[in-house]
Structures are given as C-alpha cells and as structure tokens.
Amino acid sequence: MSQRNSGYVRQKDDAYYTPEWVTRALIPHIPDWVFNIWEPACGSNKMLNVLRTLGRYASVWGTDIDKGDDFLLNHNNNYQAIITNPPFKLSRQFIEHALELTKEKNGFVAMLLPSDYDHAKTRQHLFKNCPQFSK
C-alpha cells in the first residue's frame, strides 16, 4: 500500500478542477475518429473550454451533478468519447459506467486519475485484459 502527499489542500467533494495544460496534454491521445465528446464531471468547465476552442469536434457536451445531472444515472450513449476528471471517490463507478456506455460504439474513454490508479487489486477488472484500456 502506498500513500503520498500531493501537496494540495483537500477540497470538499473532490472539487479539483483540471488545469488547462492537462487537457492540452491529453488532446494528442484522442483518436482522430472522435467527433463528439461528453464531459460528465465538468465542474468549472475548464476541460470543456479547451476542447471547444479547438474547433476539432462537432459536439462537446458537459454535465455535472452540481448542475443537476448525475452521470451514473444517465444512460446517454450518443457520444463516441467520454473524457473527464472524475471525483476520486466515484472514479471506479465512473470508469465502469463510461466503458459500458461506449462499448457498443467501440468508443474512447479518458479518465484523468493518479498515475498509479491502475495498481489497486480492487480495480484490476478495469485494466487487466480490458481491450479498451491502452494508457
């Protein structure tokens, strides 16, 4: 078991908003065939704003539980990609739900999480032998 101190002050409800540079670093990893994206934990809209300003995607849709839309209860599978920085305490559920929603379309899922997130035994089913997991 590892424990690390990130140096960040603990935020209520895991409200850690994604800096613009993080979204920009993700962009080269989004497949060219993706033209519509859902960001289901958009919070302050920082990721949305970066993705929208590119003009590369036909649709970039954002929802958030604080804005009245609970991703885990939403069954919209009209998007090719689900990209988000999920609340850590719900990260496993977010990954499972996103994989299920994009499975039929062979979609793309990107979850911004700590680099060692995939090491936990309780999360092996999300990564080990999962064809959708690549990075």
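The model shown is predicted, which means the values in this text are computed figures rather than measured ones. All residue numbers refer to positions in the sequence shown, counting from 1.
For Asn36, there are no side-chain hydrogen bond (donor to acceptor under 3.5 Å, both in side chains) partners, not counting sequence neighbours. For Asn77, the side-chain contact (heavy atoms from CB on, under 4.5 Å) partners are Leu101, Glu104, not counting sequence neighbours. Judged as a side-chain hydrogen bond (donor to acceptor under 3.5 Å, both in side chains), and not counting sequence neighbours, Thr23 has no contacts. Residues passing the side-chain contact (heavy atoms from CB on, under 4.5 Å) test with Ile65, sequence neighbours excluded: Asp70. Shown here are the side-chain contact (heavy atoms from CB on, under 4.5 Å) partners of Trp21, two or more places apart in sequence or in another chain: Pro19. Arg24 is linked by a side-chain hydrogen bond (donor to acceptor under 3.5 Å, both in side chains) to Glu20, counting only residues two or more places apart in sequence or in another chain.
Residues in residues 47-60 take part in these salt bridge (charged side-chain N to carboxylate O under 4.0 Å, His left out) pairs, two or more places apart or across chains: Asp32-Arg56. Pairs engaging residues 71-80 under the salt bridge (charged side-chain N to carboxylate O under 4.0 Å, His left out) rule: none recorded [sequence neighbours left out].
To the nearest 0.5 angstrom, Leu112 atom CG is 5.5 Å from Asn85 atom CG. Rounding to the nearest 0.5 Å gives a distance of 11.0 Å between OG of Ser59 and CG of Leu51.
A donor-acceptor pair under 3.5 Å is formed between the side chain of Gln80 and the backbone N or O of Phe35. For His97 (side chain) and Asn74 (main-chain N/O), a donor-acceptor pair under 3.5 Å exists by modelled atom type.
Between Ile95 and Val109, the closest side-chain pair of non-hydrogen atoms is not below 4.5 Å. Using a 4.5 Å heavy-atom cutoff, the side chains of Leu26 and Ile83 are in contact.
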Practice item. Would you check, one step at a time, whether the test side-chain hydrogen bond (donor to acceptor under 3.5 Å, both in side chains) holds for Asn76 with Asn78? Key: CA-CA 6 Å; Asn76 182 349; Asn78 295 324; 3.1 Å; yes
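Taking the six-membered ring for Trp and thresholds of 30 and 60 degrees, Phe94 and Phe71 have ring planes inclined between 30 and 60 degrees apart.
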Return all side-chain donor-acceptor pairs below 3.5 angstrom for residues 41-50, not counting sequence neighbours, or 'none' if the list is empty.
unit_1 : atom_1 : unit_2 : atom_2 : d
Asn45  : OD1    : Lys67  : NZ     : 3.1
Asn49  : ND2    : Asn45  : O      : 3.2

